[in-house]
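Data first, discussion second: the structure below is written as structure tokens.
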Amino acid sequence: MEKVYTYSGFEIHTYELDGVDYVLSVVFLDDSVATKEGIYLYSDLNSMLEAYGDDYTKTNNQYTYTSGSSQLNFIIENDEVASIEYMAIIEQ
């Protein structure tokens, strides 16, 4: 069962496993919140690449950075960050 917790500027999506809630993803809703590296919605593509480097996977307009059991996804539109999402990698 998935639950969504909405806060000012972001949402937390959780899933339940064996009666325990785990974080599935954190989705940025507006530019009032930023990543630890200072990237927020509407940052330009070059700023994102400078902050995170070139170790990404690109599918269409989505840039995915993977670290351990999580991913950081950026969707780029018109050379600006249109979406930011931290997502857990869940083994099935």
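When a residue number appears, it is its place in the shown sequence, counting from 1. Here the structure is a predicted model, which is why all the values come from computation and not from measurement.
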Output a table of donor-acceptor pairs, distance under 3.5 Å, between side-chain atoms of residues 7-14 and any protein atom two or more places apart or on a different chain; print 'none' if there are none.
from	atom 1	to	atom 2	distance (Å)
Glu11	OE1	His13	NE2	3.1
His13	ND1	Glu2	OE2	3.0

Let me have the donor-acceptor pairs involving side chains of residues 38-50, under 3.5 Å, with sequence neighbours excluded, atom names and distances please.
from	atom 1	to	atom 2	distance (Å)
Ser43	OG	Tyr40	N	3.0
Ser43	OG	Tyr40	O	2.9
Asp44	OD1	Asn46	N	3.1
Asp44	OD1	Ser47	N	2.8
Asp44	OD1	Ser47	OG	3.2
Asp44	OD2	Ser47	OG	3.1

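Ring geometry for Phe74 against Tyr65 counts as perpendicular: the plane angle is over 60°, on a 0 to 90° scale with 30° as the lower cut. In this structure, Tyr86 and Phe28 have tilted ring planes: the angle between them lies in the 30° to 60° band.
For the salt bridge (charged side-chain N to carboxylate O under 4.0 Å, His left out) condition, no pair includes a residue of residues 64-80, sequence neighbours left out. The stretch residues 15-38 participates, sequence neighbours left out, in these salt bridge (charged side-chain N to carboxylate O under 4.0 Å, His left out) pairs: Lys3-Asp21.
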With side-chain contact (heavy atoms from CB on, under 4.5 Å) as the test, would you mind laying out the steps for Asn73 and Met87 before giving the verdict?
CA-CA 8 Å; Asn73 300 310; Met87 178 164 269; 4.2 Å; yes

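No path of Ile, Leu, Val, Met, Phe, Trp and Tyr side chains, each step under 4.5 Å between heavy atoms, connects Tyr5 with Val27, placing them in separate hydrophobic clusters. At a threshold of 4.5 Å between side-chain heavy atoms, the hydrophobic network of Ile, Leu, Val, Met, Phe, Trp and Tyr places Leu72 and Tyr56 in one connected group.
For Ser83, the side chain to side chain contact (heavy atoms under 4.5 Å, CB included) partners are Ile75, not counting sequence neighbours. Residues meeting the side chain to side chain contact (heavy atoms under 4.5 Å, CB included) test with Tyr15, sequence neighbours left out: Leu17, Tyr22, Leu24, Ile90.
To the nearest 0.5 Å, the span separating CD1 on Ile89 from OG1 on Thr66 amounts to 5.0 Å.
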